Undergrad: 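Structure in structure tokens, see below.
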Number of protein chains: 2
Amino acid sequence: MKDTSDIPVVEEWNCPMPDIAKLIGGKWKLIILQILIFQGTKRFNELRKMIDGVTQTMLTQQLRALERDGLVHRKVYPEVPPRVEYTATQRALNLTDVFEAMHDWWVKDND
Amino acid sequence: MKDTSDIPVVEEWNCPMPDIAKLIGGKWKLIILQILIFQGTKRFNELRKMIDGVTQTMLTQQLRALERDGLVHRKVYPEVPPRVEYTATQRALNLTDVFEAMHDWWVKDND
DNA sequence: GTATATAGTATTGTTTTTCATACTAATGTG
DNA sequence: CACATTAGTATGAAAAACAATACTATATAC
């Protein structure tokens, strides 16, 4: 960052993109959210089967991050074997327009 | 089984999210694109000043990736000192709805 | 008693991203 | 000549993301 220290930072608008990227960025979160938003509540292993290539560790980690950020609700049933259900919160459901805009954009020059 | 009838099941599509994430994911691309889309053509150093914390190397790299993916047009003027202008392509301009949806979502529970 | 099922955790290793620093070219200005 | 200017490259190091494997608990079915 030394090589930009001589350049004054223009701070005229508050760009939320870095914050948004923290919430829904990365390799898995968009995929997880899309499933929970458009297909409803899923159990852990259901998600694991639906998401190609994800490891158990990674899925757990991403779900915990989404839960921490209020995008996913986690419900544990005290049973054996364990049952845990994941549901999109209202905040996540509000992302529907974003997903649809992305989809439309993708379709526009890929179909 | 959990009742999920309150969740809007819109439409089931073939998940393009991993591909979309490759194009506009990461720490910098959304920021760069937003500037070029909403504020028009910028020179390299203008972008550098506007994007807080980005290094020269990183900015070059991200711009090259965006160019390769047809989201940014790069115009080099054969002058010394160098002048290079970056412009959002039509494909990038088509992302306007995505950005607006993201912005609206962000505003909804952060303002 | 053995196997199976589920949703994890712990640990270690690899791969990908990101950062810091030094360097370049060719011209105009003092 | 010395120096600033712009948009880069090259290189190595550090940090973050991601992956692979082994391990756990316990009720139920066989």
Side-chain angles (χ1 to χ4, degrees), chain A residues 1-10 17-33 35-36 41-69 72-87, chain B residues 1-2 17-33 35-36 41-69 72-87:
Chain A
M1 196 135 81
K2 186 68 173 294
D3 65 344
T4 55
S5 60
D6 56 332
I7 297 175
V9 174
V10 179
M17 289 308 150
D19 305 292
I20 291 177
K22 272 174 203 147
L23 293 193
I24 62 175
K27 192 174 171 183
W28 306 109
K29 287 181 183 172
L30 282 178
I31 305 173
I32 295 169
L33 286 172
I35 292 173
L36 297 180
T41 298
K42 296 289 171 198
R43 294 182 61 171
F44 183 83
N45 263 5
E46 287 181 298
L47 286 172
R48 198 151 77 99
K49 285 170 197 159
M50 295 174 84
I51 301 174
D52 194 27
V54 77
T55 62
Q56 195 170 31
T57 314
M58 187 51 49
L59 184 54
T60 297
Q61 184 186 305
Q62 298 299 302
L63 284 167
R64 289 293 153 78
L66 289 170
E67 190 193 8
R68 179 173 15 81
D69 294 332
V72 157
H73 175 71
R74 180 167 177 267
K75 176 159 191 187
V76 181
Y77 294 83
E79 304 174 358
V80 171
R83 180 155 66 104
V84 180
E85 285 181 353
Y86 291 93
T87 307
Chain B
M1 207 52 188
K2 184 115 204 299
M17 289 307 150
D19 305 291
I20 291 177
K22 273 173 202 147
L23 293 193
I24 61 176
K27 191 174 172 181
W28 304 109
K29 286 181 183 173
L30 283 179
I31 305 172
I32 296 169
L33 286 172
I35 292 172
L36 297 181
T41 299
K42 296 288 172 198
R43 294 182 61 171
F44 183 83
N45 263 6
E46 287 183 298
L47 287 173
R48 198 152 77 101
K49 287 169 199 163
M50 295 174 84
I51 302 174
D52 193 26
V54 76
T55 62
Q56 194 169 31
T57 312
M58 187 52 49
L59 183 54
T60 298
Q61 182 186 307
Q62 298 299 302
L63 284 167
R64 288 294 153 77
L66 289 170
E67 189 194 9
R68 179 172 17 80
D69 294 331
V72 156
H73 175 70
R74 180 167 176 267
K75 177 160 189 185
V76 182
Y77 294 84
E79 304 173 356
V80 171
R83 180 155 66 105
V84 180
E85 285 181 355
Y86 292 92
T87 308

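Proteins come first, then strands; the chains are lettered A, B, ... in the order of their sequence lines, and each starts at number 1. For clarity, every value in this text was computed on a predicted model and none was experimentally measured.
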Undergrad: Report the distance from atom OH of B:Tyr77 to atom C1' of D:dG8, rounded to the nearest whole Å.
TA: 17 Å
Undergrad: Between B:Pro18 and A:Ile31, is there a side-chain heavy-atom distance shorter than 4.5 Å?
TA: yes
Undergrad: Distance check, rounded to the nearest 0.5 Å: A:Gln62 atom CD versus A:Ile51 atom CD1?
TA: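 Going from the CD atom of A:Gln62 to the CD1 atom of A:Ile51 covers 9.5 Å.
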Undergrad: How many whole angstroms separate atom CD of A:Glu67 from atom P of C:dA7?
TA: 15 Å
Undergrad: Write down the distance between CG (B:Asn45) and P (D:dT6), rounded to a whole number of angstrom.
TA: 6 Å
Undergrad: Would you say that B:Leu63 contacts B:Phe44 through its side chain, given a criterion of any heavy-atom pair below 4.5 Å between the two side chains?
TA: yes
Undergrad: Write down the atom of A:Arg83, the atom of A:Glu85, and the distance for their closest heavy-atom approach.
TA: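 It is NH1-OE2, 3.3 Å.
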Undergrad: Atom CZ of A:Phe44 and atom P of C:dA5: how far apart are they, to the nearest Å?
TA: 16 Å
Undergrad: Does the side chain of A:Leu66 come within less than 4.5 Å of A:Lys29's, by heavy atoms?
TA: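 The answer is yes; the side chains approach within 4.5 Å.
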Undergrad: Can you give one letter per nucleotide of nucleotides 12-30 of chain D, going 5' to 3': B for a protein heavy atom under 4.0 Å from the base, S for sugar-phosphate only, - for none?
TA: ------BSBB----BS---
Undergrad: Ignoring backbone atoms, test whether A:Arg74 places a side-chain nitrogen or oxygen under 4.0 Å from the OP1 or OP2 oxygen of C:dG8.
TA: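 For C:dG8, OP1 or OP2 has a side-chain N or O of A:Arg74 closer than 4.0 Å.
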Undergrad: Could you state the CG-C1' distance from B:Leu59 to D:dT6, rounded to the nearest angstrom?
TA: 13 Å
Undergrad: Could you tell me which non-hydrogen atom of B:Ile24 sits nearest to which non-hydrogen atom of B:Leu30, and how far apart they are?
TA: O-CG, 3.6 Å
Undergrad: Nearest whole Å is fine: how far is C:dT6 P from A:Arg48 CZ?
TA: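 After rounding, the reported distance stands at 9 Å.
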Undergrad: Could you check how far NZ of A:Lys75 sits from P of C:dA7, rounded to whole Å?
TA: 15 Å
Undergrad: Check whether any side-chain nitrogen or oxygen of B:Tyr86 sits under 4.0 Å from OP1 or OP2 of D:dG8, and answer yes or no.
TA: yes
Undergrad: Out of D:dG8, D:dA7, C:dA7, which nucleotide sits closest to the side chain of B:Arg64?
TA: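 For the B:Arg64 side chain, the nearest candidate turns out to be D:dG8.
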Undergrad: Atom CD of B:Glu46 and atom P of D:dT5: how far apart are they, to the nearest Å?
TA: 16 Å
Undergrad: Can you give me the closest heavy-atom contact between A:Tyr86 and A:Leu36, atom names plus distance?
TA: O-CD2, 3.5 Å
Undergrad: Any side-chain N or O of B:Arg43 below 4.0 angstrom from OP1/OP2 of D:dG8?
TA: no
